[in-house]
Amino acid sequence: MASKALRSSLFRQATSSSCTSTNQQRGMAIPADPLGRFRQLANSTPVDEKPRVLITGSLGQLGRGLATMLRFMYGEDSVVMTDIRKVRADENDVCNYHYLDILNEGAIDEAIVNGRVNTLIHFSALLSAVGEQNVPLALKVNCQGVQNILEVAKRHSLKVFIPSTIGAFGPETPRVDTPDITVQRPKTIYGVSKVYAELLGEYYHHRFGVDFRSLRFPGIISATKPGGGTTDYAIKIFYDALKDGHHVCYLNPDTRLPMMYDTDCTASVLFFLAAQSSQLSMRTYNVTGFSFTPEEIAASIRKFMPDFRITYEICPLRQKIADSWPQSLNDNIARSDWAWKNDYGLDETTEIMIALIKREMAREKGEAPKAVIA
Ligand SMILES: NC(=O)c1ccc[n+]([C@@H]2O[C@H](COP(=O)([O-])OP(=O)(O)OC[C@H]3O[C@@H](n4cnc5c(N)ncnc54)[C@H](O)[C@@H]3O)[C@@H](O)[C@H]2O)c1
Ligand SMILES: C[C@@H](O)[C@H](N)C(=O)O
């Protein structure tokens, strides 16, 4: 069962895999060189096209890993991290960090100009479950924030990436192998605001020539704290497995959702941003990794921890949201237009998550080095 992934340093595990096993869903071999695809991309980027990136909401679940990878690829000064909260003393992967409220358009301008930024990655958002608890704030952050970002991108001729989500689909959407262009009609404020972001970004592209790009992510699995979404259980389950050997799941055992491992998510953003505009037949694409139910992820964990138990206490809010989302995404157009491909299947993700969390727990007890980059 143990794969070569566990030979690698934490950084190598966190950024890619050297697993010898294959992605069960797509039958692909995982590359032996864990950072190879990222190194290759960095080396093939002409000096005058090197990104200098500002990430909004960079202290959230997805921002930190992406910032670390960008620094690895393009150098320490290639990333400006921003958010609205104070950095904790133990967050030692946070560098070149500044306060930036995306509701303040002038402050975004200032950060772009002062940081000599050419690429804006807009991660600030309220996710599906927390959005339902504060609709006015979700509207402000997710809609007003996007408007501000697109205006700034227009003014400074920036490349701008704004992620979308499976949450941009709804119960009327075909739920299996959901295509890029289909009925959407989401039923959460998060989904409504993401459809708005997709359409407004595409409008700014056609009307003003803004280089807007968006990917509809599935639930992302990472060893960083999730921000209050419906797919968060797929992260908590690993922490609970290692702490208590038991997870109480808020979704039904057979609720199938599409997911993706963090490093594949980072790769999708970086390769998409690096694609030439001429390669893109659309500005908003589906991307995905693999789909599973709570029962199936529990079975995957049991391959590594045979005594692991899962029980169920359903959260009606999150269950209703999950029931309105696709069970699997079709990302064939991303695969053919700009050669998107995921490297991780369910078991590879499980193995790496367990290794990362074990390392994190050892570090908390002072039993492992603090530095994460070997
Ligand atoms: N994590 C996933 O599974 C997933 C899946 C699909 C799409 N996405 C999208 O990817 C993006 C990043 O997601 P994430 O999981 O890192 O989210 P997150 O909730 O973990 O982080 C969002 C960050 O936005 C910040 N923020 C909130 N209000 C702000 C404001 N006014 N100004 C500046 N920052 C503000 C928060 O402090 C937080 O750090 C989001 O747009 C999300 O919709 C995430
Ligand atoms: C799917 C995604 O957008 C997020 N993880 C959520 O559940 O809200």
Side-chain angles (χ1 to χ4, degrees), residues 54-67 81-88 91 94 97-105 107-108 111 120-134 137-146 148-149 160-169 186 188-198 201 214-236 250-251 255 257-262 264-266 268-269 284 286-289 291 315 317-322 324-326 329:
L54 184 141
I55 307 177
T56 68
S58 70
L59 299 184
Q61 188 199 337
L62 304 190
R64 317 229 325 227
L66 181 67
M81 295 181 75
T82 71
D83 208 308
I84 51 171
R85 75 164 172 81
K86 206 170 158 193
V87 178
R88 292 192 316 269
E91 292 179 305
V94 178
Y97 175 75
H98 302 273
Y99 176 89
L100 180 62
D101 181 348
I102 49 121
L103 298 178
N104 183 343
E105 192 180 326
I108 310 174
L120 187 42
I121 295 183
H122 179 48
F123 274 173
S124 304
L126 257 61
L127 272 60
S128 57
V130 291
E132 289 309 299
Q133 276 142 26
N134 193 341
L137 185 63
L139 280 170
K140 265 200 204 160
V141 174
N142 296 8
C143 297
Q144 178 69 51
V146 162
N148 291 346
I149 290 292
V160 58
F161 177 79
I162 305 180
S164 188
T165 163
I166 47 170
F169 296 112
T188 60
I189 194 61
Y190 176 59
V192 169
S193 66
K194 287 293 185 178
V195 172
Y196 178 66
E198 291 178 6
S214 180
L215 296 176
R216 288 194 198 107
F217 293 144
I220 306 300
I221 302 178
S222 64
T224 46
K225 194 173 172 294
T230 302
T231 59
D232 292 7
Y233 93 87
I235 295 175
K236 190 165 189 300
Y250 55 73
L251 294 183
T255 303
L257 289 168
M259 305 271 182
M260 185 196 280
Y261 180 59
D262 190 31
D264 277 333
C265 174
T266 295
S268 71
V269 177
T284 304
N286 292 349
V287 285
T288 193
S291 293
C315 164
L317 172 80
R318 294 191 204 218
Q319 185 64 53
K320 194 168 172 210
I321 294 174
S324 75
W325 285 358
L329 285 186

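Throughout, numbering of the chain's residues begins at 1 and tracks the sequence. Each ligand, and each atom within it, is numbered from 1 in the order the structure gives.
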Item to complete: Go through the steps for Ile84 and Tyr99 under the test side-chain contact (heavy atoms from CB on, under 4.5 Å), then give the verdict.
Response: CA-CA 5 Å; Ile84 51 171; Tyr99 176 89; 3.8 Å; yes
Discussion item. For Ser124, is there any backbone N or O sitting under 3.5 Å from a side-chain donor or acceptor partner on Thr56?
Written reply: yes
Item to complete: Looking only at non-hydrogen atoms, find the nearest pair between Pro186 and Gly167 and report the distance.
Response: CB-O, 3.4 Å
Practice prompt. Would you tell me which option among Ala125, Ala107, Gly229 has the nearest heavy-atom contact to atom 22 (C) of ligand 1?
Written response: Ala125
Worksheet item: To the nearest 0.1 Å, how far is atom 8 (O) of ligand 2 from its closest protein heavy atom, and which atom is that?
Response: Ser128 OG, 2.6 Å
Discussion item. Under a 4.0 angstrom heavy-atom cut-off, which atoms of ligand 1 come close to Thr165?
Written reply: 6 (C), 7 (C)
Discussion item. Taking a cutoff of less than 4.0 Å between a non-hydrogen atom of the residue and any ligand atom, is Thr56 in contact with ligand 1?
Written reply: no
Worksheet item: Going by distance only, is there an N or O of Thr230 that falls short of 3.5 Å from an N or O of ligand 2?
Response: yes
Worksheet, complete the sentence: On a heavy-atom basis, the closest approach of Leu257 and Ala322 is CD2-O, 3.9 Å
Worksheet item: Is there a heavy atom of Phe217 sitting under 4.0 angstrom from any atom of ligand 2?
Response: no
Worksheet item: So which of Gly63, Pro163, Ser164 gets nearest to atom 7 (C) of ligand 1, if we judge by its closest heavy atom?
Response: Ser164
Worksheet item: For Gln61, is at least one N or O under 3.5 Å away from an N or O on ligand 1?
Response: yes
Worksheet item: Going by the atom numbers of ligand 1, which of them fall below 4.0 Å from some non-hydrogen atom of Asp101?
Response: 30 (C), 31 (N), 32 (N)
Worksheet entry | Electrostatic pair Arg85:Glu91 at N-O distance under 4.0 angstrom | yes
Item to complete: Please report the closest heavy-atom contact between Ser222 and Ile235, naming both atoms and the distance.
Response: O-CG2, 3.4 Å
Item to complete: Number the atoms of ligand 1 from 1 as they appear, then name those within less than 4.0 Å of a heavy atom of Leu59, with their elements.
Response: 39 (O)
Fill in: Nearest-neighbour protein heavy atom for atom 41 (O) of ligand 1, which is reported as residue plus atom name and distance
Lys194 NZ, 2.8 Å
Worksheet entry | Minimum heavy-atom distance Pro326-Pro258, with the two atoms named | O-CD, 3.0 Å
Worksheet entry | Closest protein heavy atom (residue, atom, distance) for atom 12 (C) of ligand 1 | Phe123 O, 3.4 Å
Worksheet item: To which protein heavy atom is atom 8 (N) of ligand 1 closest, and what is the distance rounded to 0.1 Å?
Response: Tyr190 OH, 3.7 Å
Fill in: atom 2 (C) of ligand 2: the protein heavy-atom neighbour that sits closest, reported with distance to 0.1 Å
Thr165 OG1, 3.6 Å
Practice prompt. Look at the side chain of Ser58 and the backbone N and O of Thr82, then say whether any donor-acceptor pair between them is shorter than 3.5 Å.
Written response: yes
Worksheet item: Which pair of heavy atoms, one from Leu329 and one from Arg216, lies closest together, and at what distance?
Response: CD1-O, 3.9 Å
Fill in: Short N or O distance, Thr231 and ligand 2, threshold 3.5 Å exclusive
yes
Item to complete: Could you list which atoms of ligand 1 come closer than 4.0 Å to a heavy atom of Gly219?
Response: 3 (O)
Item to complete: Run down the list Ser58, Ser124, Pro226 and name the one with the heavy atom closest to atom 35 (C) of ligand 1.
Response: Ser124
Discussion item. What protein heavy atom lies closest to atom 27 (C) of ligand 1? Include the residue and the distance to one decimal.
Written reply: Ile84 CD1, 4.1 Å
Worksheet, complete the sentence: If you scan protein heavy atoms around atom 4 (C) of ligand 1, the nearest is Ile220 CG1, 4.0 Å
Worksheet item: Do any nitrogen or oxygen atoms of Lys225 come within less than 3.5 Å of a nitrogen or oxygen of ligand 1?
Response: no
Worksheet item: So which of Thr188, Thr231, Thr230 actually passes side chain to side chain donor-acceptor pair (under 3.5 Å) with Ser128?
Response: Thr230
Practice prompt. Specify whether Phe161 and Phe217 have parallel, tilted or perpendicular ring planes, treating 30° as the upper limit for parallel and 60° as the lower limit for perpendicular.
Written response: tilted
Worksheet entry | Check: Asn142 side chain, Ser193 main-chain N or O, donor-acceptor pair, under 3.5 Å | no
Worksheet item: What protein heavy atom is closest to atom 6 (C) of ligand 1, reported as residue, atom name and distance in Å?
Response: Phe217 CB, 3.3 Å
Worksheet item: For ligand 2, which atoms have a heavy atom of Tyr190 less than 4.0 angstrom away?
Response: 2 (C), 3 (O), 8 (O)
Worksheet item: Does ligand 1 have any atom that is closer than 4.0 Å to a heavy atom of Lys140?
Response: no
Worksheet item: Is a side-chain N or O of Gln144 found less than 3.5 angstrom from the main chain of Leu139, in a donor-acceptor match?
Response: no
Discussion item. For atom 38 (C) of ligand 1, what is the closest protein heavy atom, and at what distance to 0.1 Å?
Written reply: Asp83 OD2, 3.6 Å
Practice prompt. Locate the shortest heavy-atom distance separating Gly57 from Phe123; write the atom from each residue and the value.
Written response: O-CB, 4.0 Å
Discussion item. I'd like to know if the side chain of Tyr97 reaches the main chain of Asp83, judged simply by a donor and an acceptor atom lying under 3.5 Å from each other, with no hydrogens or angles considered.
Written reply: yes
Worksheet entry | Shortest protein contact, atom 21 (O) of ligand 1 (heavy atom only) | Gly60 CA, 3.3 Å
Fill in: Close approach of Pro218 to ligand 1, heavy atoms, under 4.0 angstrom
yes
Worksheet item: What do you reckon, does Leu62 have a nitrogen or oxygen under 3.5 Å from a nitrogen or oxygen of ligand 1?
Response: yes
Item to complete: Could you label the plane-to-plane angle of the Tyr250 and Tyr233 rings as parallel, tilted or perpendicular, counting under 30° as parallel and over 60° as perpendicular?
Response: perpendicular
Discussion item. Tell me the contacting part of Arg216 for ligand 1: side chain, backbone, both, or neither, using a 4.0 Å heavy-atom threshold, strictly below.
Written reply: neither
Worksheet, complete the sentence: To atom 30 (C) of ligand 1, the nearest of Ile102, Leu100, Val287, Ile121 on a heavy-atom basis is Ile102
Discussion item. Please classify the Ile166 to ligand 2 contact at 4.0 Å (heavy-atom distances, strictly less than): side chain, backbone, both or neither.
Written reply: side chain
Item to complete: Can you measure from CG (Asp232) to NZ (Lys225) and round to the nearest 0.5 angstrom?
Response: 8.5 Å
